[in-house]
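Lettering of chains follows the sequences in order, A, B, ..., and the numbering in each one begins at 1.
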Amino acid sequence: MMMPWRIARQLAHAGVLGMNARNGDYILPLNPRKHYPLVDDKLITKELAHKAGLATPELYAAFRYSGEIRRARALLDRYESFVVKPANGSRGNGILVIKGRVGDSLRLASHRLMSWDDLRFHMQNTLSGIYSLGGQEDSVLVEYCVEFDRVFEKITHLGVPDIRLIAYRGVPVMGMVRLPTSESDGKANLHQGAIGAGIDLASGRTLTAVWRNSVVHQHPDTLAEVSGIAIPFFDRMLEIAAGCNAMTGLGYVGVDLVLDRSKGPLMLELNARPGLNIQIANRAGLAARLEAVGRADIARRPAAERIAFAKRHFAAAEA
Amino acid sequence: MRNRHVYLLAAALAAIGLGLTAYKHYVVGLPFIEKASVSAWEVESEVRVTANSGPLKLSMFAPEDSREFSVLDERVAAPGFGITIAPEGANRRLNLTVREGSGQLVARQRFLVHRNEVRAPDRRQLPPFPQEITLQQTAQTVARTLYAAAHAKSADDVSLVTVLLRDLISPDRSANVRFLLGDDRSPRKVASLAAQILRVNGRFARAVHGIDLAKTGISVETKNWLEVVVGDHWQEFSVATGEPRIPRGYFPWWRGDASFVKIDGGKAERRRIGVTRVEQTVLRQALALGRHQGAFLTNYSLYSLPATQRGVFRVLMTVPIGVFVLVLLRNVIGLRGVGTFMPVLIALSFRNTHLVWGLVLFSTALAAGLLVRLYFEHLKLLLVARLGAIVMFVILFLAAVTVMSDKLSFEPGLSVALFPLVILTMTIERVSVIWDENGPAEAIKLAVFSLVIAAFCYLLMAAQPVQHIFFAFPEMILVLMALTILVGRYTGYRLIELVRFKVLSEPRP
């Protein structure tokens with residue numbers, strides 16, 4: 001049994017960022033509260049990204065009032081597959097992935113069937129705030145269903161794997177791939193049981209992964225090796241991430257991306273309070289990297305320079 | 001820079017808090033630790049009145065602090081009446097008035113009597129001169145004769161009164177005594193007559209009406225004795241023995257010859273005084289402070305509030321310690337419950353129900369509420385409507401529990417007050433939102449954990465030493481505030497992060 005203060009000292013030495021330091025030293029000073037709606041509401045984020053020229057999944061429809069939900073079928077019947085999301089949802093709750101049709105019913109990615117009535121009820125619930133932070137009124141957005149790149153096929157169970165990058169003052173500082181498992185029910189959230197594999201920012205290759213706070217090398221469902229996979233278009237992803245701070249006015253932000261088979265990297269959503277598990281996935285501390293960016297003072301340099309800085313400094317130790 | 005500001009602010013707050021505390025302890029003399037419980041008596045007087053239709057005026061006496069006893073926590077329960085208290089001679093009159101009285105009405109007076117550790121200064125004043133004399137002309141002459149006889153047989157003022165009283169109560173009474181006293185030889189009459197005789201002869205004297213606290217019961221009789229000015233102070237005399245002392249438990253209620261109740265517009269049905277003995281730990285400081293009336297800090301302390309508000313603040317002042325515990329749990333240890341400060345509110349509501357019963361009631365109601373939630377889920381109700389229905393169910397459930405515990409005369413259930421009810425429904429709402437958002441496992445885990453924190457906070461907040469510190473030294477809250485501000489700038493690891501990130505502290509394999 002190691003003494004707590006010894007662990008604390010070692011963690012500090014490894015540059016691990018704690019919740020309090022994240023909140024007190026980075027989120028509070030760098031992320032002004034008034035900019036939160038820009039990232040909390042996915043519809044606004046989408047609009048911002050569109051203006052900034054960042055690719056996002058195409059918006060099929062948005063529902064803000066319960067009266068509009070009657071038209072859901074008329075608006076959506078033409079799409080074979082689509083994703084229904086609460087605009088203010090958190091942790092991937094309330095997301096439905098519709099993959100196709102069986103007769104008059106909708107087929108979900110989880111192989112369940114759902115009637116249009118069920119879908120409308122789900123939308124009504126979403127509007128009433130069931131999935132939103134704090135339970136306030138919400139809206140529903142329906143968007144293009146990502147066909148994720150085959151590179152992740154062997155290390156994904158159901159769901160869509162996504163890539164989380166942390167951008168600090170315009171510099172991508174850390175990244176991971178989040179892979180859904182049977183336990184996470186197709187969701188890419190670590191605390192729901194998805195696994196997260198760190199990414200070597202220099203090479204764009206995956207490192208070891210974290211699953212439920214412990215280090216794993218294989219996907220628990222497919223048993224395929226998760227490390228050493230080269231992520232296609234990783235440079236483009238770094239560019240997207242590097243642009244997100246200026247776009248939102250948030251100095252410390254988590255950028256969630258997906259890799260579509262035909263459309264390439266798409267920005268899914270942003271997070272003003274990105275989690276800290278990414279450190280376990282990378283087996284590296286965030287604080288050390290954030291301090292390096294702070295010392296270099298390159299927030300105002302061109303994006304290419306900032307990305308080069310990241311690649312130079314934040315390469316995985318073992319690579 | 002920001003940190004220096006924070007440290008300065010925290011240091012200033014802590015300095016003010018500790019400084020005031022030290023001043024109150026060392027200069028004013030407020031103790032840090034409350035001594036063990038002291039005994040007190042709860043006295044309840046109940047008057048039943050049959051009102052004529054029309055205005056009803058009911059007047060009775062309210063007791064005052066004496067040298068031996070302090071009166072605290074005085075409450076009057078008389079629904080519908082206007083209540084005023086006014087001094088009247090040596091007494092305080094409690095006036096209850098109602099414009100339209102009808103039928104039988106009950107007025108209750110309740111207060112705590114506490115025996116002073118140290119005799120308080122005597123605040124009884126000399127009555128105005130000339131004193132009221134109710135004896136007839138002939139009777140006054142007889143009174144003078146009796147007084148002269150006693151005067152001749154005595155050596156000083158004290159023995160004079162003793163001799164006079166013995167003359168009045170002796171079985172072989174003189175004709176003079178029989179003339180004045182008639183057949184009524186009750187202590188009340190004797191005290192009243194002795195006072196009159198002394199007054200006729202130019203002495204300050206009065207009958208005192210009170211109760212014997214040594215005799216508890218739901219209906220006790222009033223006691224009477226005599227007070228005479230001897231030298232420069234009032235001296236009590238027992239009318240049973242004539243001795244210049246009264247039993248220790250004799251508590252004075254009102255003085256003079258007036259009867260306890262005066263009614264305009266109605267008829268007294270029954271009057272009852274009940275005395276019960278209670279253990280009190282709360283009062284001592286309030287009394288200690290009474291002797292420091294001059295000091296600004298004590299004059300404006302929480303002790304100067306009326307008793308009922310004192311009770312509220314005694315509880316309220318402990319809320320910061322509960323809040324501080326939650327701040328520590330969240331930011332230093334890294335654990336969280338339902339809502340930010342919900343466990344403190346739950347802990348507060350346990351005060352009404354007591355811990356074990358509170359926990360049982362809370363868990364049952366929570367479980368019942370969640371079961372109903374589970375059922376409603378099948379009905380596919382919209383969120384707000386579903387929460388509303390759950391809240392309604394919980395209120396019904398609590399009403400049922402309360403009625404049932406009343407029927408089974410199961411005491412604690414009755415103490416479910418409005419406040420716990422509101423907290424309970426809010427908690428159920430929160431838990432069901434968490435159930436919706438994060439699943440049942442998380443919801444139950446958080447609920448159980450919240451109850452554990454709440455129980456801990458309750459034990460802390462209900463602890464007498466803690467209550468005493470924060471009530472006697474409210475400025476200690478500034479010290480807590482300073483600590484809370486410091487925790488607000490604590491950017492070190494939370495305790496659970498040491499476990500969570502432990503793998504990062506180990507060298508790479």
Side-chain angles (χ1 to χ4, degrees), chain A residues 2-26 28-29 66 89-91 93-94 117-118 121-122 124-135 137-138 191-192 208 210 213-215 276-277 279-280 282-285 287 316-318, chain B residues 1-3 6 327-336 339-340 373 376-388 426 429-439 441-442 445 485-509:
Chain A
M2 222 187 333
M3 288 296 123
W5 52 88
R6 280 202 57 200
I7 303 178
R9 215 167 42 228
Q10 283 170 359
L11 288 180
H13 183 72
V16 173
L17 187 67
M19 192 73 89
N20 288 334
R22 182 199 74 174
N23 294 342
D25 291 341
Y26 296 99
L28 277 175
S66 42
S90 64
R91 303 170 153 192
N93 289 322
D117 271 344
D118 289 342
F121 176 71
H122 175 84
Q124 290 284 12
N125 263 339
T126 308
L127 283 190
S128 71
I130 199 168
Y131 304 111
S132 75
L133 296 161
E137 302 268 292
D138 205 349
H191 74 263
Q192 284 166 329
T208 49
V210 56
N213 287 345
S214 59
V215 175
L276 296 168
N277 268 341
Q279 301 180 102
I280 306 175
N282 281 276
R283 316 202 73 186
E318 66 209 305
Chain B
M1 191 56 219
R2 190 168 51 232
N3 271 353
V6 168
V327 169
L328 283 183
L329 272 179
R330 182 72 82 85
N331 278 348
V332 178
I333 299 177
L335 298 172
R336 51 167 304 185
T340 314
R373 199 214 82 94
F376 281 163
E377 195 170 65
H378 285 289
L379 305 182
K380 301 267 176 231
L381 302 180
L382 290 176
L383 177 75
V384 179
R386 188 176 67 204
L387 284 178
M426 273 170 65
E429 194 216 288
R430 287 289 179 82
V431 172
S432 35
V433 168
I434 294 170
W435 186 299
D436 279 335
E437 286 181 356
N438 301 333
E442 181 82 356
K445 200 181 85 188
I485 288 170
L486 286 181
V487 173
R489 277 306 300 167
Y490 168 72
T491 52
Y493 299 109
R494 297 176 182 179
L495 213 53
I496 58 159
E497 285 176 343
L498 298 181
V499 181
R500 183 180 164 199
F501 294 133
K502 192 162 182 293
V503 63
L504 291 173
S505 73
E506 293 152 4
R508 274 163 193 284

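One finds the CG atom of A:L17 at 8.0 Å from the CD atom of B:E497 (value rounded to the nearest 0.5 Å).
A:D118 does not touch chain B: none of its heavy atoms, backbone or side chain, sits under 4.5 Å away. Within the 4.5 angstrom heavy-atom criterion, no atom of A:L127 approaches chain B. Interface residue A:A14: only side-chain heavy atoms are found under 4.5 Å from chain B.
Among all heavy-atom pairs drawn from A:A21 and B:T491, the shortest one is CB-O, 3.3 Å. Taking each heavy atom of B:R500 and A:I280 in turn, the nearest pair found is O-CD1, 3.4 Å. What you find for A:L11 and B:F501 is that their closest heavy atoms are CD2-O, 3.3 Å.
Each of A:L276, A:V210, A:N23, A:V215 has some count of heavy-atom pairs under 4.5 Å with chain B, and the biggest count is that of A:L276.
Residues that satisfy the side-chain hydrogen bond (donor to acceptor under 3.5 Å, both in side chains) test with A:N20, not counting sequence neighbours, are B:R494. Partners of B:R373 by salt bridge (charged side-chain N to carboxylate O under 4.0 Å, His left out), not counting sequence neighbours, listed by chain and number: B:E377, B:D436.
Within the 4.5 Å cutoff, the side chain of A:V16 has heavy atoms near those of the B:Y493 side chain.
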